[in-house]
Structure formats: structure tokens, C-alpha cells
**Student:** 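Okay, handing you the structure first.
Note that this is a predicted model, so its numbers are computed, not measured. FYI, the numbering just counts along the sequence from 1.
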Amino acid sequence: MKKWNDALQEHLKDWMRFQLGLVGTRPDKTTPQETEMLRRLKRSLQHREATLLKIIVSFYPYRIHRFGKQENVTYQLVISRFMKIKQKYHIEEQVLHRLVKTHDGHLLIDKLIQKESLPTKKISTSNQQVDRGFSYDRRNAVQYAERWWDDYNSSYRKFTDNCTNFISQCLRAGGAPMRGMPERGKGWWYGKGTWSYSWAVAHSFRWYLSSSTEGLRASEVENVKELGLGDVICYDFNGDDRWQHSTIVTGFDGNEEPLVNAQTTNSRARYWTYEDSTAWTPNIKYKFFRIG
């Protein structure tokens, strides 16, 4: 174990040095897709006039498969990036699940484990009646997002792709009203061991927010800077109108741009554009929703 453990530590040091600008060459054991992601991250920091002051990482192996001299090690990587933008500081945190392949203690490749999305589901928005707005407690929603971004509330089911389930929980903590039970294709709700598609599926959630005129409601805005704490961003990474991800605004950087919390790849105070994600493509689309 010690040989691959030492090799992984050296690789992660190179990975951090590259992001901090201490070396010009990329870590040679990352995939081309992830190398491009790291370069996008550096370009994004330059564009934001952000200074990456420090990176702290910890890794925790939790599964080892041995095949002769080859070992495949699945591990959890915890990352904290200390940022300064103008005169404002913040810490961005992420928890990644990764796979490193080694041979005779030598590291061959280190890559991110991709997780599958839930299937796309449509929801019914017919026969809705307009009602009065609800009182949305943004502070409670953000406090929930801060408490649970890297943990799981046992009151709710945990999904393999948990992003929208997590955001729904945050909105519920903020007092968003549920409706539609027990029809899964209607409304937005969770209870009695089941849930609506809009509660847990990113695509359904995005279209629910665009169309709902009662219960949980939202207003779509054009500019991300119109969002406040507790508002929501939806992501279509490929630009094909299949919405795959949801985040909640929990803070703002020195440029007054949103920082978001999310799950699946558990993240706290992450820059909203997701250019530091391997899922990002040049065709990415966003939808910005003011809740309430």
C-alpha cells in the first residue's frame, strides 16, 4: 500500500502546484478531459481577477481491488480552495470520488468517477390555479444548504444523483409549500416514501420552476446578478435542452457573483459557472430563478 500511497501523494502535490501556478506543466497522470478542466479553472480565475491563495487536500481510500501487480484504488478527495477577489475572501470546498490505477506501486492514471443522471421525466402543469405567493425564508434555506452540503438528512432518501433532491430539501427548509401528492407527474412534493419527479429530477425541476403558478413558484431572470441568497440555478451542460443539474445560491464573491452549494459532486461556495467541472461544455445553458 505504501508505494501507491506515496505516488498518489506526489501526484496530488503536482495537481495543487499546477492550479497555484507554481509549475507550468500539467499533472501527467490526469485525463485529457480533466487537464482541460484545470486549464479552464485557471482562465476563470484570471477572468475574475481572483487570487488562489492556498489549496488543502485530504484523501481517503475506501476500496482497493488488486490484480497481480495492478491495484485500482477508489478514494474520496476533499478539497478546500482559499480565494481572494478584490478585498473579499472565501473558501470553496468540494468532495470528489476518484479512481487511481497503479502498477507495482507506480501511478498510471487518476480520474474522476462520473455518476449517472436520473432519467428525464416530464411533469404536468395543466389545470393550475393562481394563488397568493408564499413566504420564503431565504436564511433557513441557506442554513440548510450549509449544514447538509456534504451530509445527508435521514428524513429524505439519498439518490445516486442527489443534486435536485438536495436543492428541493433546501427550498422546503425555507418554507416552500408542497402540492400534488400522490401523483408523481404533478406538483412538487415529497412524502410517505415517494416523491414527485420535480422534487428529484433536474429536468423536471427546471420546467416546474418555469411553469408553476401555485405552491412553490419562481420567476426566471436574465442576469445572474439578479439572484439573491436561496435562489436557484439550473444547468444544461450539453445545450440540448436536457437539464442535468441544480444548485442553490449561498453567497457572493468579491465581484458580487453567486457562489453555490450542490450535491452529487458535493460542493460548497463553488463559482456558479461550473467551468471547473468535467461536465462543462462550450454549449452549456443556464436558467436563473428567483424563488417566491
Side-chain angles (χ1 to χ4, degrees), residues 94-97 112-125 141-142 144-145 148-150 152-153 156-174 176 178-180 183-190 194-212 215-221 224 227 230-250 258-268 270-291:
Q94 282 183 276
V95 179
L96 306 176
H97 292 269
L112 183 68
I113 298 173
Q114 300 285 1
K115 296 187 176 180
E116 295 297 324
S117 298
L118 290 169
T120 298
K121 296 289 184 180
K122 294 183 178 180
I123 58 171
S124 170
T125 57
V142 170
Y144 188 97
W148 294 103
W149 73 271
D150 190 30
Y152 302 94
N153 188 337
Y156 298 95
R157 175 172 172 173
K158 174 189 172 186
F159 297 92
T160 300
D161 185 343
N162 207 57
C163 66
T164 303
N165 178 38
F166 171 65
I167 300 306
S168 289
Q169 292 174 38
C170 295
L171 299 185
R172 183 61 181 157
M178 298 189 294
R179 67 175 181 86
E183 295 187 57
R184 301 193 71 187
K186 291 186 178 180
W188 175 82
W189 55 270
Y190 185 102
T194 188
W195 51 89
S196 64
Y197 294 129
S198 59
W199 180 280
V201 181
H203 186 79
S204 300
F205 179 65
R206 172 261 186 272
W207 285 108
Y208 177 86
L209 292 180
S210 288
S211 59
S212 177
L216 167 62
R217 295 188 300 187
S219 301
E220 186 177 336
V221 297
V224 72
L227 298 181
D231 288 331
V232 168
I233 304 176
C234 298
Y235 299 75
D236 168 11
F237 289 114
N238 301 311
D240 59 2
D241 291 322
R242 294 173 62 88
W243 298 82
Q244 302 129 322
H245 191 51
S246 315
T247 67
I248 184 169
V249 177
T250 55
L259 303 172
V260 298
N261 287 21
Q263 285 196 349
T264 302
T265 295
N266 295 0
S267 307
R268 177 183 175 274
R270 189 172 185 174
Y271 185 52
W272 70 271
T273 63
Y274 264 63
E275 290 169 275
D276 63 339
S277 169
T278 54
W280 186 93
T281 75
N283 299 320
I284 192 169
K285 294 179 183 178
Y286 309 93
K287 289 290 182 180
F288 310 124
F289 291 102
R290 289 276 303 176
I291 303 300

**Student:** How far does CG of L112 sit from OG of S277, to the nearest 0.5 angstrom?
**Tutor:**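 These two atoms lie 8.0 Å from each other.
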
**Student:** Report yes if the side chains of W272 and V224 come closer than 4.5 Å at any heavy-atom pair, otherwise no.
**Tutor:**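 In short, these two side chains touch, coming nearer than 4.5 Å.
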
**Student:** Determine yes or no for a side-chain-to-main-chain donor-acceptor pair under 3.5 angstrom, with Q263 supplying the side chain and W148 the backbone.
**Tutor:**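 Confirmed, Q263 side chain pairs with W148 backbone.
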
**Student:** Could you check whether any side-chain N or O of Y190 sits under 3.5 Å from a backbone N or O of A200, counting only pairs where one atom can act as donor and the other as acceptor?
**Tutor:**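 Checking the backbone N and O of A200 against the side chain of Y190, no donor-acceptor pair under 3.5 Å is found.
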
**Student:** Going by distance alone, is a donor N or O of one side chain under 3.5 Å from an acceptor N or O of the other, for N261 and Y144?
**Tutor:**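 No, no side-chain donor-acceptor contact under 3.5 Å.
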
**Student:** Quick one: does NZ or CZ of R179 land under 6.0 Å from the six-membered ring centre of W188, within 45 degrees of the ring axis?
**Tutor:**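 The answer is no; the distance or angle limit is not met.
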
**Student:** What distance do Y208 atom OH and S196 atom OG have between them, rounded to the nearest 0.5 Å?
**Tutor:**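 Rounded to the nearest 0.5 Å, the OH-OG separation comes to 8.0 Å.
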
**Student:** List in chain and number order the residues that pass side-chain hydrogen bond (donor to acceptor under 3.5 Å, both in side chains) with D241, two or more places apart in sequence or in another chain; answer none if no residue qualifies.
**Tutor:**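 Expected list: K285.
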
**Student:** Check this for me, if you would: do D276 and R270 make a salt bridge, where the nitrogen-to-carboxylate-oxygen distance has to be below 4.0 angstrom?
**Tutor:**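 Salt bridge: yes.
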
**Student:** Compare all side-chain heavy atoms of T194 with those of R184 and state whether any distance is below 4.5 angstrom.
**Tutor:**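 Answer yes - side chains close enough.
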
**Student:** Using the six-membered ring wherever Trp is involved, compare the ring planes of W199 and Y156 and label them parallel, tilted or perpendicular (cut-offs 30° and 60°).
**Tutor:**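 It falls in the parallel class, under 30°.
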
**Student:** Residues in side-chain contact (heavy atoms from CB on, under 4.5 Å) with C163, at least two apart?
**Tutor:**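 Counting only residues at least two positions away or on another chain, C163 forms a side-chain contact (heavy atoms from CB on, under 4.5 Å) with D161, H245, T264.
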
**Student:** D236 versus Q244: any side-chain heavy-atom pair under 4.5 Å?
**Tutor:**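 In contact.
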
**Student:** Applying the side-chain contact (heavy atoms from CB on, under 4.5 Å) criterion to V232, which one of L171, V249, T247, L227 satisfies it?
**Tutor:**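 Of the listed options, the one satisfying the test is L171.
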
**Student:** Quick one: does F289's side chain get under 4.5 Å of R206's, heavy atoms only?
**Tutor:**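 Yes; the side chains approach each other to less than 4.5 Å.
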
**Student:** When rounded to the nearest 0.5 angstrom, what is the spacing between CZ in F237 and OG1 in T281?
**Tutor:**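 Output value for this atom pair is 9.0 Å.
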
**Student:** Kindly say whether S198 contributes a backbone atom to a donor-acceptor pair with the side chain of W207 at under 3.5 angstrom?
**Tutor:**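 No, the answer is negative, given that no donor and acceptor are paired below the 3.5 Å cut-off.
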
**Student:** To the nearest 0.5 Å, tell me how far S267 OG sits from L259 CG.
**Tutor:**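 Here the interatomic distance stands at 11.5 Å.
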
**Student:** Would you check if L216 and I291 make a side-chain contact, meaning some heavy-atom pair closer than 4.5 Å?
**Tutor:**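 L216 reaches I291 side chain to side chain.
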
**Student:** Is T265 close to L96 at the side-chain level, that is, under 4.5 Å between some pair of heavy atoms?
**Tutor:**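 L96 vs T265: side chains touch.
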
**Student:** Please confirm whether the backbone N or O of A218 pairs with a side-chain atom of R290, one donor and one acceptor, at under 3.5 Å?
**Tutor:**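 Side chain of R290 to backbone of A218: no pair is present.
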
**Student:** Parallel, tilted or perpendicular: which describes the rings of Y235 and Y274, with under 30° parallel and over 60° perpendicular?
**Tutor:**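 Correct class here is tilted.
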
**Student:** Might you point out which heavy atoms bring G230 and V142 nearest each other, and give the distance in Å?
**Tutor:**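 Result for this residue pair: N-CG2, 3.6 Å.
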
**Student:** Output yes when a side-chain donor or acceptor of N165 lies under 3.5 Å from a complementary backbone atom of Q169, and no otherwise.
**Tutor:**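 Not at all, since once roles are kept as given, no pair shorter than 3.5 Å links the two residues.
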
**Student:** Taking the side chain as C-beta and beyond, is there a heavy-atom pair between F288 and E220 under 4.5 Å?
**Tutor:**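 F288 does not reach E220 side chain to side chain.
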
**Student:** Quick one: pull up CZ in R268 and OG1 in T250 and give me the separation to the nearest 0.5 Å.
**Tutor:**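 Atom-to-atom, R268:CZ and T250:OG1 are 7.0 Å apart.
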
**Student:** Just by modelled atom types, is the A202 backbone N or O under 3.5 Å from a matching donor or acceptor in the S246 side chain?
**Tutor:**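 No; zero donor-acceptor contacts below 3.5 Å.
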
